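Below: the structure, in structure tokens.
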Amino acid sequence: MGEFVIRMPDVGEGVAEAELVEWHVKPGDPVREDMVLAAVMTDKATVEIPSPVNGTVLWLGAEVGGTVAVKAPLLRIEIAGEGESAPPADERPAEPEKPPEPAAAGPASPAEAADRPLAAPAVRLRAREAGIDLHRVAGSGPDGRVTHEDLDRFITGGARPAAGLSRRTGTEEVRLTGLRRRIAEKMQLASSRIPHITYVEEVDVTSLEELRATMNAGRGPDEPKLTILPFLMRALVRALEEQPGLNATFDDETGIVTRHAAVHIGIATQTPSGLTVPVVRHAEARTIRDCAAELARLADAARDGTATREELSGSTITITSLGALGGIVTTPIINHPEVAIIGVNRIAMRPVWDGSRFIPRRMMNLSSSFDHRIVDGWEAAVFVQKIKALLETPALIFIEG
């Protein structure tokens with residue numbers, strides 16, 4: 001019998017390591033050729049690692065949530081024949097250190113035992129960690145034994161729970177792994193390096209909603225239903241024609257702003273694993289219905305986990321929307337290294353004064369954030385006002401020039 005070593009593959013240009021997000025096997029499991037063994041994630045996409053051989057798993061080289069360098073040993077498989085040589089000893093992760101055994105405690109003296117309050121070991125540990133002397137706690141158990149409930153009452157000042165209700169104790173630690181960890185890292189990067197300015201504007205979308213309803217009523221069987229997002233995408237393209245400096249990325253290490261001719265719009269999309277940003281490329285060359293079709297395709301791919309690295313990267317400006325849960329105002333975080341993000345809040349019927357009376361209008365707020373190093377407040381306001389004008393008079397979206 002021999003060993004076959006599977007190493008972390010090169011999962012993308014410029015990627016030096018990947019996070020292990022899932023094992024499909026454990027030591028001792030039989031594997032067959034092409035069977036998926038593990039899943040790893042970069043900041044671009046999740047990649048499945050298949051087995052190139054038949055055999056039995058001997059060793060796993062990382063824990064879920066850990067990072068593995070490209071070409072580092074990932075797992076070892078026992079195979080028939082000679083196989084390939086095992087990795088050098090210095091490449092194998094050291095065996096985890098075992099925690100030191102607690103020092104043996106001798107029995108308490110008779111005097112200590114007589115003076116020691118009756119309590120279970122778990123209660124004693126909890127009291128010790130909370131800095132509570134059990135002599136001060138009145139025990140309600142047999143022979144005056146101190147219980148967890150007695151400790152709870154002491155901690156909360158003696159209050160007893162209401163009839164039919166009980167206190168809850170304990171904590172749960174949840175390690176951030178996979179996409180959730182990538183989101184946390186991305187948000188921390190954007191928040192710490194980009195000085196945000198957020199501008200909120202109210203938009204009357206009554207006419208737009210009427211147009212949208214008309215276009216949906218006349219759509220073909222193979223055409224997707226139009227939401228407000230395709231109209232916003234086209235309005236965004238039109239506004240960027242007048243302010244191309246907002247369709248940009250900023251490298252703050254070199255101090256270089258790159259303005260992009262192509263408008264690649266990232267659409268923040270909620271998935272079962274967390275927030276992803278699939279990219280509608282070349283929105284400047286797409287019609288309303290084309291934008292809608294591509295948006296629907298990418299959203300489905302993101303939610304079922306089949307979106308490629310190329311489909312999840314390369315955006316030049318981003319739109320974020322919580323749909324019906326959009327609230328009144330949000331403070332979107334810019335998708336680093338971009339310089340602007342447009343946030344859509346929910347549409348609601350509101351009374352609007354027309355100069356002589358209040359009339360019902362469908363209103364929506366746009367909450368948009370900008371990199372204040374690159375975009376001044378005046379520029380941000382002009383940009384959002386242009387989008388507002390296009391959405392309030394939607395026929396202008398279709399008029400070129």
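What you see is a predicted model, and the numbers here were worked out from it, not measured in a lab. This chain uses plain numbering: 1 for the first residue, then up along the sequence.
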When every non-hydrogen atom of Ala389 is compared with those of Leu396, the smallest separation belongs to O-CD1, 4.3 Å
**Study point:** Salt bridge present between Asp29 and Lys26 (N-O < 4.0 angstrom)
**Key:** yes
Note to self: Closer than 4.0 angstrom, basic N to acidic O: yes or no for Glu253 and Arg193?
What the structure shows: yes
Notebook entry, point to check: Mind checking whether His372 and His196 have ring centres under 6.0 Å apart?
Noted result: no
Glu149 and Arg153 ion-paired at < 4.0 Å:
no
Asn345 and Ser367 side chains, donor-acceptor separation under 3.5 Å
yes
Basic-acidic side-chain contact under 4.0 Å: Arg297, Glu311 | yes
Between Lys386 and the options Glu392, Glu242, Glu241, Glu379, the salt bridge (charged side-chain N to carboxylate O under 4.0 Å, His left out) test singles out Glu242
Scan side-chain atoms only and decide if Gln385 and Glu201 contain a donor-acceptor pair under the 3.5 Å cut-off.
yes
OG1 of Thr206 to CG of Leu211, rounded to nearest 0.5 Å, is 12.5 Å
OG1 of Thr147 to CG of Asp152, rounded to nearest 0.5 Å, is 8.0 Å
Discussion item. Between Arg362 and Glu209, does any NZ, NE, NH1 or NH2 come within less than 4.0 Å of an OD or OE carboxylate oxygen?
Written reply: no
Requested in this report: Let me see the working for Ile267 and Leu298 under side-chain contact (heavy atoms from CB on, under 4.5 Å), right down to the final yes or no.
Outcome: CA-CA 9 Å; Ile267 306 292; Leu298 288 170; over 6 Å; no
